[in-house]
Each structure stands twice: as C-alpha cells, then as structure tokens.
Amino acid sequence: MPSESQSSRSAQQQVARTARLHPVEKAFAWFRANSGRLEDTQLEVTSIAAPPWGETARSDWLAARFSELKLDDVHRDELGNVFGIRPGTDSSAPFIALSAHIDTVFPADTAITARRDGSKLYGPGVSDNASGITALLAIAGAMQAIGIGNIAPILFIGNVGEEGEGDLRGIRHIYRQPRWSATIASLIVIDGAGTDTIIAEGLGSRRYEITMRGHGGHSWSDFGVANPIVALARVIDRFTRTPVPVSPKTTFNIGIISGGTSVNSIPESATMRVDTRSASVDELDRLERALHEAVDHAIPEVTGRKKQELLTAEVRVIGNRPAADLPADSPLLRMVRAVDAELGNTARIQRASTDANVPLSLGRQAIAIGSGGSGGGAHTIHEWYDPAGRDLGLKRILLLTLALAGVAEQ
Ligand SMILES: [Zn+2]
C-alpha cells in the first residue's frame, strides 16, 4: 500500500496535470467571461420560490436548464430531485456527483425580490443556495461550451429537502435508489458561498416534538386537574440539567413552546420542540434517553389521583440527521486538499449538518464546499451575495471534479 505522503504526492501531481490541460485553462477563462451571465442566472433562480415541500417550480426550471446544457437523461424523480448526466469516455466508471440543494427556508407566502445593488446581489436564498445552483450550472456550462472530455461520467443533481424539517429527505431518497447508491463514487455538495471550508464531518441532530395532553377544565371549578403546561415545564427543568460534554461538542435547545387557550382555563394540551446536536451518535442517544426519562418523571409528579386527572405524553421524532466523518485518509479529502494547494487557497475542515451527512453515514465519500464569492444574512430576507471571488470557487469545484473523473487528452 502506498504511504500517506506518497498518496498525497500523487493527488498533487494529478491535480497539477489537470490544471495545466488546455481545455481546463479555457474553462477557467469561461468563468471570468461569463460572470455577468452567472449573476443573471443567480437572480433568476432566487426569484423562483422554493419553500420546503414546495420546490416544484424550481425543479422544473432547473430541469429546463439541464436540457439546454445538453446533459443526458435529464429527469425529475417523484420527490422533485433533478438529475442530468454528462457522459464520460469510460461508461463503466462510477459517477462523480455534484449536488446543490434547491429548497429554501422561506415559507410560500414570503415576498421575494431578487435584485442587484452595486456589486452585490440581494434576495432571500440568494446565497443559500442560489449560489450553489448557479455553480452547478456554471460547471456544466463551461464543460459543455469547451467540450471537456471527462473520463468518468459526471452526475449533476439539484435536490429538494435539505433545510430544516426537510431533514435531508432529497439526498436520503437518492441514496436509497440502487441506481444511484451503487454508482456514485464521490459526492461534492455545493452549499452556500465561500472557499474557506471543507465540510468533511457531519454534525448529527435529532429533533423532537413533545405533546402533553390532559382533561383540561376551569381554573377555579376544576382546580387540581393535571396541567399539561406544568408537566412540560417539569420536563424542561429536568432535561435541561442533563450534563453534556464539551468534546464531542453536544448541545440542546428548546426552540418552541405552545399550549393553552386562556388564562382561566386548565389547558388540554401543551407542546414543545427540542433540538439536540452532537458530533457523536452516542451522545445523541444519551440525550434521547434523558428526554424520555424527564417525560416519564414529570407525569406522576403532576398527575393527581382521580382518573380525569391523567396526563398522556407523546414524543415524536421530527428530525434525524446522522453524524459521521470522512476518514482523514480518504481519496476525496486528499484530492480537495491538493486542489486547494494548487490554487493557493486556504481552507479548514469543518463540522456541519449538510446533505453530505447522508452518504457519510453510509460510509460513502462526500464533502460539502462553497460556491465561491461571499454571502451573509443566510435564512433572513436580507440575505446577500457578493460575486467577487466566485471565480476561485468555480475553479476549485471544476478542478476537484475533473481530477476525480479524469480528463481524456485529445
Ligand atoms: Zn444550504
């Protein structure tokens, strides 16, 4: 087996060779020459609403762009994930896949205005992830315009359901299909702006909705009937005393609490939503046990002796993102490191919750990187994107893709 330093050296040589190929240099020039068009594309995609579970219009739009770029087998699956293939000269080689999530966090009734102001672009989702979708189209566009002959086939994916309660459902579904799970060698997730991070460690999270239900009643005449809000308060009190380690970093949050109808009614129900996160699955399991224990303790504490005073609790899992890391000696990590060295780019390994969590949890190769440029105000209607430096992000993605796929030399 080659040593780690030999493997790094050969990755470095592979990247350097790829970067010097004439068609690759032409693709780099294409990115610069088309920067204005890419901005127009980004504003156009931003203006198409894509709320969670409502991505259809954007799926249709992206499929039309994939067709224009003459990708093969352009289609949408039953969830709205969009696919297009750039065939390789070796049709038996596994895919190098590039994905960008097409959903936003913004509900359907959000007023969307995408606009240019000075050198910046503004609009909800303009950076997260209209910039990623734009990068996907830029890579496919440059390869098409220049006629780059990739050896392994390249799979372009616009996926639904990354944000919040979408819970990575788009990528999860793709990795459940044998057609894709058996044939994707590496997945490069393009998410948001920037070039300074490599997300190679998946942050796991589990989310719960806990509902306490009781008989309810009048605050005066039914005094003593068990109160679901009080029970929930006991759960919160007990659960939030659970110690969590600094490393692996583990956190919890009570994000939403609701219940009751009026000040002089004993409520019939109360609900809360809890978010737990950790780099370790064991810690997520431990927090889950602590949450159930807190619920089990609260009920007898609050319930009285009479039958109508009984309380019931329901704990529902509303989100489950697996935690897993890309091994330090993985070929994909070595290659992205070599690309950064070639481009003089500095990036650090980061842990986050992205579409890469799904393949990583299956022991498959995946990373998430940015689309270049810079952005801010993510998940707010004041979101912005500055295209200065987009170039570097696109070169980074293209070089990584082609170093992995190989380029047939004419
Ligand atoms: Zn995102």
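Throughout, numbering of the chain's residues begins at 1 and tracks the sequence.
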Working note: Leu137 + Thr41, criterion side chain to side chain contact (heavy atoms under 4.5 Å, CB included); need CA distance, chi angles, decisive distance, verdict. CA-CA 9 Å; Leu137 292 169; Thr41 300; 3.9 Å; yes
Leu155 vs Ile96 side-chain heavy atoms within contact, under 4.5 Å: no
Gln14 side chain to Ala403 main-chain N or O, any donor-acceptor pair under 3.5 Å? yes
So, for Leu360 and Ala366, which heavy atoms are closest and what is the spacing to 0.1 Å? CD2-O, 3.6 Å
Taking the side chain as every heavy atom from C-beta outward, state whether Glu283 and Lys249 have any pair of such atoms under 4.5 Å apart. no
Note: Asp117-Arg115 ion pair, threshold 4.0 Å (strictly below): yes
If you look only at pairs with a residue in residues 189-200, which of them pass as a side chain to side chain donor-acceptor pair (under 3.5 Å), with sequence neighbours excluded? His101-Asp191
Distance-minimising heavy-atom pair for Phe106 and Thr380: CZ-O, 3.3 Å
Is it true that a side-chain atom of Thr354 and a backbone atom of Ala356 form a donor plus acceptor pair closer than 3.5 Å? yes
At what distance, to the nearest 0.5 angstrom, does CG of Leu71 lie from CZ of Phe83? 13.0 Å
Can you tell me how far apart CD1 (Ile171) and CD (Glu162) are? Round to the nearest 0.5 Å. 9.0 Å
Applying side chain to side chain donor-acceptor pair (under 3.5 Å), name anything that partners Ser8, two or more places apart in sequence or on another chain. none
Trp30 meets the ring-ring contact (aromatic ring centres under 6.0 Å, His included) criterion, sequence neighbours left out, with none
Can you list every pair that meets side chain to side chain donor-acceptor pair (under 3.5 Å) and has a residue in residues 394-407, with sequence neighbours left out? Asp340-Arg396
Can you name the residues that form a side chain to side chain contact (heavy atoms under 4.5 Å, CB included) with Ala11, not counting sequence neighbours? Arg334, Met335, Ala338
Taking atom types as modelled and ignoring hydrogens, do the side chains of Ser262 and Asn264 form a donor-acceptor contact shorter than 3.5 angstrom? yes
What do you reckon, is NE2 of His292 surrounded by more than 12 foreign heavy atoms closer than 6.0 Å? yes
Should the pair Arg169-Glu55 be classified as a salt bridge under the 4.0 Å nitrogen-to-oxygen rule? yes
Might you work through the side chain to side chain contact (heavy atoms under 4.5 Å, CB included) test for Tyr208 and Ile318, ending with a clear yes or no? CA-CA 5 Å; Tyr208 308 88; Ile318 56 170; 5.6 Å; no
Side chain to side chain contact (heavy atoms under 4.5 Å, CB included) between Glu342 and Arg20, intermediate numbers included: CA-CA 11 Å; Glu342 173 70 27; Arg20 275 159 200 69; 3.2 Å; yes
Side chain proximity check, Leu398 to Met143, heavy atoms < 4.5 angstrom: yes
Using only atom types and a distance under 3.5 Å, with no angle test, would you say the side chain of Arg351 pairs donor to acceptor with the backbone of Gly202? yes
Euclidean distance, Ser99 OG relative to Asn81 CG, rounded to 0.5 Å: 9.5 Å
Going by salt bridge (Lys or Arg N to Asp or Glu O under 4.0 Å), name the residues that satisfy it together with Asp237, two or more places apart in sequence or in a different chain. Arg241
Return each pair, listed once, that meets side chain to side chain donor-acceptor pair (under 3.5 Å) where at least one residue sits in residues 134-159; pairs must be two or more places apart or across chains. Arg86-Asn150, Asn159-Asp355
Tell me, do Pro322 and Val281 make a side-chain contact under 4.5 Å, heavy atoms counted? no
Please list, chain by chain and in numerical order, all residues satisfying side chain to side chain contact (heavy atoms under 4.5 Å, CB included) with Glu39, sequence neighbours excluded. Arg116, Leu121, Pro387, Arg390
For Arg207, is there an ion pair with Asp275 - N to carboxylate O distance below 4.0 angstrom? yes
Are the side chain of Arg364 and the backbone of Ser181 linked by a donor-acceptor contact shorter than 3.5 Å? yes
Quick check: do Ile146 and Glu25 have side-chain heavy atoms less than 4.5 Å from each other? no
Does any part of the side chain of Phe31, heavy atoms only, come nearer than 4.5 Å to the side chain of Leu392, both counted from C-beta? no
Are Leu287 and Val244 side-chain neighbours, meaning at least one heavy-atom pair lies under 4.5 Å? yes
Quick check: does any side chain N or O of Asn227 sit under 3.5 Å from a backbone N or O of Val230, one acting as donor and the other as acceptor? yes
Donor-acceptor under 3.5 Å (Glu163 side chain, Val105 main chain): no
Kindly write out the residues that satisfy side chain to side chain contact (heavy atoms under 4.5 Å, CB included) with Asp72, not counting sequence neighbours, or none if the list is empty. Ile85, Pro87
With sequence neighbours left out, the residues meeting salt bridge (Lys or Arg N to Asp or Glu O under 4.0 Å) with Glu68 are Arg65
Quick one: does Arg337's side chain have a donor or acceptor within less than 3.5 Å of a partner on Ala347's backbone? yes
Quiz question: by atom type and distance under 3.5 Å, do the side chains of Thr251 and Arg277 form a donor-acceptor pair? no
Rounded to the nearest 0.5 Å, what separates atom CD1 in Ile266 from atom CD1 in Ile229? 11.0 Å
Crowded around Ile381 CD1? As in, over 12 foreign heavy atoms under 6.0 Å? no
Considering only heavy atoms from C-beta outward, does the side chain of Phe66 approach that of Phe156 to under 4.5 Å? yes
For Phe252, the ring-ring contact (aromatic ring centres under 6.0 Å, His included) test, sequence neighbours excluded, returns Phe239
Salt bridge present between Asp167 and Arg172 (N-O < 4.0 angstrom): yes
Identify, with sequence neighbours excluded, every residue that meets side chain to side chain contact (heavy atoms under 4.5 Å, CB included) alongside Asp109. Pro107
Can you tell whether the side chains of Asp103 and Arg58 come within less than 4.0 Å, N to carboxylate O? no
To the closest 0.5 Å, what do you measure between OG1 (Thr261) and CD (Glu268)? 7.0 Å
Under a plain distance cut-off of 3.5 Å, with no hydrogens placed, do His173 and Gln177 share a side-chain donor-acceptor pair? yes
Using modelled atom types only, decide if a donor and an acceptor are shared between the side chain of Asp325 and the backbone of Pro327 within a distance under 3.5 Å. no
Check: Ser265 side chain, Pro267 main-chain N or O, donor-acceptor pair, under 3.5 Å: no
So how far is it from Ser205 OG to Leu284 CG, rounded to the nearest 0.5 Å? 7.5 Å
With no hydrogens and no angle check, do the side chains of Thr211 and Thr271 hold a donor and an acceptor under 3.5 Å apart? yes
Test log, rule side chain to side chain contact (heavy atoms under 4.5 Å, CB included), inputs His297 and Arg234: CA-CA 8 Å; His297 262 86; Arg234 301 268 178 129; over 6 Å; no
Quick check: does any side chain N or O of Thr110 sit under 3.5 Å from a backbone N or O of Ile112, one acting as donor and the other as acceptor? no
